[in-house]
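Okay, structure first, notes after.
Sequential numbering from 1 along the given sequence is applied to the chain's residues. Below, each value reflects all heavy atoms present in this structure, side chains not excepted, and no hydrogens, waters or symmetry copies.
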Amino acid sequence: MKPPAELKSLVEQRTWEKEVVLWVGTETALAKLLGPVHHATLDLLDLFDEDKLPMDDEETRQCMVAVLSTRLQAIPTGPGTRVVLVVTSIGLLARYAVGLREFYDWFCGDFSMVVLLLERTLEETQWPEEVSCDSDRLLGYFQEPMVKQVFGEKA
């Protein structure tokens, strides 16, 4: 895991090369690190209409891919509008086997990059007996070859 200073250097580059990276830390720390760089947040939970939830996993995956593609294409980017897209609720990408292809196909480029936000669960959280929490599972899922680099608040 790379330190925050390296992500700050990457973000400050003039252009990016289809960057999808993972940030392990808080959204507050990430926002502070991004500073004046224009960034937008996409919560994957917002891709679903609560009144029309899909019936099964495959239908959910297809819905998520379609809506995600449309949302990503609608975000303006270019030399005058560089954007870092902070993506939250990334567990949905793993849960429904969506992966990162849509981000690479429809968003990432010289003037746009994606930072997947993984806010780790505090170990001292008191989970019910029937709940098992593996706080490293999503980290393992998104590490190479999924994302190019992993940065952490506490690298």
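Looking at heavy atoms from C-beta onward, Met64 lies in side-chain contact with Leu93 at the 4.5 angstrom threshold. Side-chain contact between Met146 and Val20 is absent, with no heavy-atom pair separated by less than 4.5 Å. Counting heavy atoms from C-beta outward, Val86 and Leu34 have side chains that approach closer than 4.5 Å. A heavy-atom distance below 4.5 Å is found between the side chains of Leu100 and Leu116. Side-chain contact between Thr88 and Glu119: absent, with no pair of heavy atoms (C-beta onward) separated by less than 4.5 Å. Using a 4.5 Å heavy-atom threshold, the side chains of Leu85 and Ser112 count as separate.
Separation of atoms CG (Leu139) and CG (Leu118) is listed at 6.0 Å; rounding is to 0.5 Å. Between Trp16 atom CH2 and Cys108 atom SG the span is 10.0 Å, to the nearest 0.5 Å. Considering CG of Leu68 and CD of Gln73, their distance stands at 9.5 Å, rounded to 0.5 Å. Within the model, atoms CZ of Phe151 and CG of Leu10 stand 5.0 Å from one another, a figure rounded to the nearest 0.5 Å. How far CG of Leu117 is from CG of Leu30: 6.0 Å, rounded to the nearest 0.5 Å. For the atom pair Glu50 CD and Leu45 CG, the distance stands at 9.0 Å (nearest 0.5 Å).
Partners of Thr81 under the side chain to side chain donor-acceptor pair (under 3.5 Å) rule, at least two apart in sequence or in another chain, do not exist in this structure. For Ala94, the side chain to side chain contact (heavy atoms under 4.5 Å, CB included) partners at least two apart in sequence or on another chain are Leu138, Tyr141. Partners of Phe111 under the side chain to side chain contact (heavy atoms under 4.5 Å, CB included) rule, at least two apart in sequence or in another chain, are Thr15, Pro79, Arg82. Judged as a salt bridge (Lys or Arg N to Asp or Glu O under 4.0 Å), and not counting sequence neighbours, the contacts of Arg61 are Glu58. In this structure, the side chain to side chain contact (heavy atoms under 4.5 Å, CB included) partners of Arg71, at least two apart in sequence or on a different chain, are Leu42, Asp46, Leu47, Val67.
There is no path of hydrophobic side-chain contacts, each under 4.5 Å, that joins Met55 to Leu92.
Screening residues 102-111 for salt bridge (Lys or Arg N to Asp or Glu O under 4.0 Å) gives Arg101-Asp105 as the qualifying pairs, with residues at least two apart or on separate chains. Applying the side-chain hydrogen bond (donor to acceptor under 3.5 Å, both in side chains) test to pairs two or more places apart or on separate chains, those with a residue in residues 20-36 are Thr26-Glu153. Residue pairs that meet the salt bridge (Lys or Arg N to Asp or Glu O under 4.0 Å) test with at least one member in residues 4-26, sequence neighbours left out, are Lys8-Glu12.
The two residues Pro4 and Gly152 come nearest to each other via the heavy atoms CD-O, 3.1 Å. What you find for Val150 and Val147 is that their closest heavy atoms are CG2-CG2, 4.0 Å. Closest approach of Phe48 and Leu53 over heavy atoms only: CB-CD2, 4.0 Å.
Remark: side-chain polar atoms of Thr77 are not paired, donor with acceptor, to backbone N or O of Val83 under 3.5 angstrom.
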